[in-house]
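Worksheet for the structure shown next.
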Amino acid sequence: MKVPLQITKQEILTFYKLINPLTHKGIQGHAVIIGGSYGKMGAAVLASGACLKSGCGLVTAFIPKSGYAILQISNPEVMVLTDENENFISGINLKIQPQAIGIGPGLGQEKQTQQAFLEFLNTNKSPLVVDADALNILSLNKAWLSLLPENTILTPHPKELERLIGKWGSETEKFENTIAFSEHYKAIIVMKGAPTFIINQSKIYQNTTGNAALATAGSGDVLTGIITSFLAQGYSPDHAARLGVFIHGLTADIALPETGYQSFIASDIIKNLGKAFLSLDS
Ligand SMILES: NC(=O)C1=CN([C@@H]2O[C@H](COP(=O)(O)OP(=O)(O)OC[C@H]3O[C@@H](n4cnc5c(N)ncnc54)[C@H](O)[C@@H]3O)[C@@H](O)[C@H]2O)[C@@H](O)CC1
Ligand SMILES: Nc1ncnc2c1ncn2[C@@H]1O[C@H](COP(=O)(O)OP(=O)(O)O)[C@@H](O)[C@H]1O
Ligand SMILES: [Mg+2]
């Protein structure tokens, strides 16, 4: 197996873009986060909040109706579109074509949600990040994988990866099978873990930031928001994935002396995004 390229600050600085003083929210990118279901609306709150705080200009959350007040109160800066259904996504009608879409956090796996996701895959033209239950729905309907646009970013944790590509007998086999999957579907796989690796066909990257504080509910939902934001800002999918995992992990490294491992929660990733970005500017 090829030696992974280390995702370090020096590496990131070769493509990280400073914000143009003359920018405005209309050109900073519009991202859409599609997710949430009854009892897991927090995943959409976390992903959409992280998305906005990673620099894009506008964020819209597409969620079930029961999440409307939750989202608007939690993230007043995030705009909301709601599904006709109260409790889960049953039909995705965006009426806009955003620069990037992140789908999956808290989505659930209802039959109607699966059908809605299929219709979305058949019509979507925006660059895509697929996470959580959207990955699980693809695992249940593997024929739909061929509907993913080229360079879609998938962000499975190990269990989601196993559902997607099947069990592996060794780390080497896991990488070989993930590389084969990436090459077959021309998809970028963020293999979340300790550490996180990114497989982009023949390219393998290893993240150098992050720690066990991230082993907490919602930290993957936040990562989806961060990567979707960078896609919306015009980063290539390869760069968006690399910058996303680097910044995501960096927030945990920055926060650790204050929070310790136990009391770090996914919201702390969002709280420390500013310090993480500023550490790149210095
Ligand atoms: N506050 C919220 O609304 C939250 C919503 N969530 C949503 O809940 C849904 C289910 O996601 P989950 O990941 O919780 O459930 P899954 O059933 O997809 O995965 C949980 C299983 O994966 C295994 N697993 C997870 N990380 C692993 C690792 N690093 N190594 C080995 N095994 C690992 C666990 O042991 C467990 O068996 C998703 O849609 C997700 O977005 C979760 O993100 C948690 C927080
Ligand atoms: N021990 C660890 N060290 C470093 N990163 C970790 C560790 N445990 C989990 N993470 C990171 O936390 C995130 C967990 O993602 P995920 O399981 O999807 O969370 P959730 O679905 O609850 O939001 C991933 O980015 C993963 O790399
Ligand atoms: Mg997850």
Side-chain angles (χ1 to χ4, degrees), residues 4 6-9 12 33 35-37 39-51 53-54 74 102 104-109 129-136 139 153-165 167-168 170-171 174-175 178 188-199 204-230 240-277 279:
Q6 302 293 306
I7 306 174
T8 61
K9 179 175 175 179
I12 290 293
I33 298 293
S37 55
K40 293 186 175 172
M41 222 47 84
V45 169
L46 289 165
S48 58
C51 191
K53 283 201 76 170
S54 295
S74 305
L107 191 66
Q109 300 173 36
V129 181
V130 181
D131 181 34
D133 282 315
L135 290 172
N136 295 326
S139 298
I153 300 167
L154 310 180
T155 60
H157 60 52
K159 196 75 174 178
E160 291 159 341
L161 182 64
E162 180 188 283
R163 294 179 188 131
L164 214 48
I165 68 170
K167 286 187 184 306
W168 49 83
S170 66
E171 282 300 289
K174 176 176 83 169
F175 275 89
T178 305
I188 296 170
I189 319 299
V190 176
M191 298 165 79
K192 294 185 297 194
T196 289
F197 289 88
I198 297 173
I199 306 288
I204 304 176
Y205 306 103
Q206 178 173 1
N207 190 28
T208 61
T209 62
N211 60 66
L214 288 165
T216 183
S219 56
D221 301 324
V222 168
L223 178 64
T224 296
I226 294 171
I227 296 176
T228 304
S229 187
F230 293 142
R242 286 153 69 185
L243 181 58
V245 302
F246 183 83
I247 287 286
H248 178 260
L250 187 56
T251 67
D253 295 338
I254 290 168
L256 190 62
E258 287 290 308
T259 62
Y261 292 101
Q262 292 86 342
S263 78
F264 182 89
I265 58 175
S267 302
D268 291 314
I269 302 168
I270 299 173
K271 281 186 193 139
N272 283 279
L273 282 169
K275 287 181 184 161
F277 286 115
S279 78

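Count residues from 1 along the sequence. Values below: all heavy atoms of this structure, side chains included; hydrogens, waters and symmetry mates excluded.
Between W168 and L161, some side-chain heavy-atom pair lies under the 4.5 Å cut-off. With contacts defined as side-chain heavy-atom distances shorter than 4.5 Å, the pair T208/P195 does not qualify. Side chains of I269 and I226 form a contact here, defined as non-hydrogen atoms less than 4.5 Å apart. Counting only heavy atoms from C-beta outward, the side chains of L107 and S37 never approach each other to under 4.5 Å. The closest side-chain heavy-atom distance from L256 to F264 is not below 4.5 Å.
With K9 contributing its side chain and S279 its backbone, the two residues share a donor-acceptor pair below 3.5 Å. For the pair K40 (side chain) and P105 (backbone), a donor-acceptor distance under 3.5 Å is absent. Remark: the backbone N or O of T259 is paired with a side-chain donor or acceptor of S263 at under 3.5 angstrom. The backbone N or O of A252 lies less than 3.5 Å from no partner atom in the side chain of N272, so there is not a single donor-acceptor pair.
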### Message
If you apply the rule side-chain contact (heavy atoms from CB on, under 4.5 Å), what do you find for R163 with N136, and how did you get there?
### Response
CA-CA 7 Å; R163 294 179 188 131; N136 295 326; 2.8 Å; yes
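Atom-to-atom distance recorded for I198:CD1 and I227:CD1 is 6.5 Å, nearest 0.5 angstrom. Note that CG of L154 and CG of L135 are 5.5 Å apart. Values are rounded to the nearest 0.5 Å. Rounding to the nearest 0.5 Å places OG1 of T196 at 8.5 Å from CD1 of I7. Within the model, atoms CE of M191 and CD of Q206 stand 11.0 Å from one another, a figure rounded to the nearest 0.5 Å. For the atom pair NE2 of H248 and OG1 of T209, the computed distance is 9.0 Å after rounding to the nearest 0.5 Å.
For residues 242-261, the pairs satisfying salt bridge (charged side-chain N to carboxylate O under 4.0 Å, His left out) are E11-R242, D238-R242, with sequence neighbours left out. For residues 214-227, the set of pairs meeting the side chain to side chain donor-acceptor pair (under 3.5 Å) definition, not counting sequence neighbours, comprises D131-T224.
Not counting sequence neighbours, the partners of K271 by the side-chain contact (heavy atoms from CB on, under 4.5 Å) test are D268.
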